[in-house]
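A short write-up of the structure that comes next.
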Amino acid sequence: KSRGLGDVYKRQPPNDAEHGIYFGRINDYHKGVSRLLELARRTPELRYSLVGAIDQSDQVAVDALADLPVNVEFLGPFHGEELYRRVAAADFFIHPARFEAFGNTIPEALSVGCPVIVSQETYLSHTLAAREFGNVLDFSDAGGAAADLREILSQPEELRRCTARGERWVRDELSSDAVGRSFFRVYEFVIARAARTR
């Protein structure tokens, strides 16, 4: 039972409750782990897993993990096939970042068919919203984020359509071949421009 939460945590959600997963560095300053735990407290009917290594230099994150709600499990780090198996089995991937320069874990989750729900501070949030690949929450308003998450999860068909679009985006635009060709074009442009200025 989490401290100071009254009767809301007398029971864990059932094993078949919808399950959200976060994977990445367990940090609050950038990744917003305390935001995720507050969301979990406000959605006791859902289950959450945290996967990753704890950033021991971030005392807020360390303290937050010492008082996990009963509907949150900390699994530690996983890699490779085991990580992607767990992500693919989850009902949604959640990324509550306070700051995220790109967010590699977002397309990684989409690539295995896991719906993504991210904070508006995440760099990719604009692309996800504009191209309807995923959903964006305002984690600075925990009550509003909880209501919005429930609304998103109440529309599974739309969630599946968004995820399918996101999977295609990852496959077509973020494959190693596509990214390699993009880098090649950038280098060609830079070299040609440098040659003209000499």
Side-chain angles (χ1 to χ4, degrees), residues 1-6 8-13 15 17-112 114-126 128 134-146 148-149 170 174:
K1 182 174 176 178
S2 190
R3 293 192 297 271
L5 295 173
V8 76
Y9 283 114
K10 285 189 174 173
R11 287 195 318 274
Q12 291 185 340
N15 285 334
E18 287 187 280
H19 175 219
I21 192 167
Y22 165 85
F23 68 100
R25 189 162 41 105
I26 308 297
N27 166 282
D28 192 64
Y29 181 70
H30 285 131
K31 307 298 184 182
V33 68
S34 67
R35 289 173 146 189
L36 177 53
L37 299 184
E38 181 58 28
L39 180 68
R41 289 185 177 95
R42 291 171 182 263
T43 54
E45 73 278 14
L46 303 176
R47 295 187 301 121
Y48 298 87
S49 295
L50 297 175
V51 176
I54 301 171
D55 182 349
Q56 296 291 341
S57 68
D58 186 333
Q59 195 59 48
V60 174
V62 172
D63 291 346
L65 290 174
D67 188 25
L68 286 179
V70 296
N71 60 336
V72 178
E73 59 179 348
F74 172 62
L75 300 175
F78 288 104
H79 304 283
E81 290 301 315
E82 176 62 14
L83 171 61
Y84 293 119
R85 183 185 68 75
R86 289 175 180 269
V87 176
D91 294 302
F92 60 96
F93 166 70
I94 192 149
H95 196 15
R98 298 178 190 281
F99 169 79
E100 183 62 78
F102 183 76
N104 290 333
T105 55
I106 297 166
E108 288 180 77
L110 282 171
S111 74
V112 294
C114 187
V116 296
I117 298 167
V118 306
S119 69
Q120 58 190 9
E121 292 88 350
T122 303
Y123 177 77
L124 279 176
S125 65
H126 305 292
L128 293 173
N135 290 275
V136 179
L137 297 184
D138 177 5
F139 280 89
S140 67
D141 172 11
D148 289 346
L149 177 59
V170 172
L174 297 179

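The distance from atom CD1 of I54 to atom CG of L65, rounded to the nearest 0.5 Å, is 5.0 Å. The line from CZ of R86 to SG of C114 is 13.5 Å long, rounded to the nearest 0.5 Å. How far CZ of R41 is from CG of L36: 10.0 Å, rounded to the nearest 0.5 Å. Put simply, CD1 on I117 and CD1 on I94 are 5.5 Å apart, with the number rounded to the nearest 0.5 Å.
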**OP:** Kindly determine whether L137 and T122 satisfy side chain to side chain contact (heavy atoms under 4.5 Å, CB included), including the steps that lead there.
**Re:** CA-CA 10 Å; L137 297 184; T122 303; over 6 Å; no

Subject >> From CA spacing to verdict: side chain to side chain contact (heavy atoms under 4.5 Å, CB included), V118, L124 >> reply: CA-CA 9 Å; V118 306; L124 279 176; over 6 Å; no

Subject >> Derivation and outcome, side chain to side chain contact (heavy atoms under 4.5 Å, CB included), residues L110 and F93 >> reply: CA-CA 9 Å; L110 282 171; F93 166 70; over 6 Å; no

Original post:
What's the verdict on side chain to side chain contact (heavy atoms under 4.5 Å, CB included) for D148 and V136, showing C-alpha distance, side-chain angles and the deciding distance?
Top reply: CA-CA 9 Å; D148 289 346; V136 179; over 6 Å; no

**OP:** Step by step, work out the salt bridge (charged side-chain N to carboxylate O under 4.0 Å, His left out) result for R35 and E38.
**Re:** CA-CA 5 Å; R35 289 173 146 189; E38 181 58 28; over 6 Å; no

Subject >> Criterion side-chain hydrogen bond (donor to acceptor under 3.5 Å, both in side chains) on S140 and R98, from CA distance to verdict >> reply: CA-CA 9 Å; S140 67; R98 298 178 190 281; over 6 Å; no

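In terms of heavy atoms, D55 sits closest to V62 at O-CG2, 4.0 Å. When all heavy atoms of A97 and S119 are compared, the closest pair comes out as O-OG, 2.6 Å. Across all non-hydrogen atoms, the minimal contact from T43 to A146 is CG2-CB, 3.8 Å. The two residues S49 and E73 have their closest heavy-atom pair at OG-OE2, 2.7 Å. Nearest heavy-atom pair, A88 versus V112, reported as atom, atom and distance to 0.1 Å: CB-O, 3.7 Å.
Taking E100 as the reference, K31 meet the salt bridge (Lys or Arg N to Asp or Glu O under 4.0 Å) condition, with sequence neighbours excluded.
Side chains of F23 and V87 form a contact here, defined as non-hydrogen atoms less than 4.5 Å apart. N135 has its side chain out of reach of L128: every pair of non-hydrogen atoms, C-beta onward, lies at least 4.5 Å apart. Proximity of D67 to L37: side-chain heavy atoms (C-beta onward) are nowhere separated by under 4.5 Å. Inter-residue side-chain proximity for P107 and V116 is flagged as unmet; no heavy-atom pair is nearer than 4.5 Å.
Screening residues 29-51 for ring pair (Phe, Tyr, Trp, His ring centres under 6.0 Å), with sequence neighbours left out, gives H30-F99.
Neither side chain, S125 nor Q120, offers a donor N or O lying under 3.5 Å from an acceptor on the other. At a cut-off of 3.5 Å, with distance as the only test, no side-chain donor of R25 or T105 sits close to an acceptor on the other residue. N104 and E108 form no side-chain donor-acceptor contact under 3.5 Å, judged by distance and modelled atom types alone.
More than 12 heavy atoms of other residues, nucleotides or ligands sit less than 6.0 Å from atom CZ of F74.
With L75 as reference, V51 is the one residue of L50, I21, V51 to meet the side chain to side chain contact (heavy atoms under 4.5 Å, CB included) rule.
Remark: the backbone N or O of A40 is paired with a side-chain donor or acceptor of N71 at under 3.5 angstrom. Of the possible donor and acceptor atoms, one in the side chain of D58 sits under 3.5 Å from a partner among the backbone N and O of D28.
With ring centers used as reference points, Y84 lies 6.0 Å or more from F78.
Between H95 and Y22, the ring-plane angle classifies as tilted under the 30° and 60° cut-offs.
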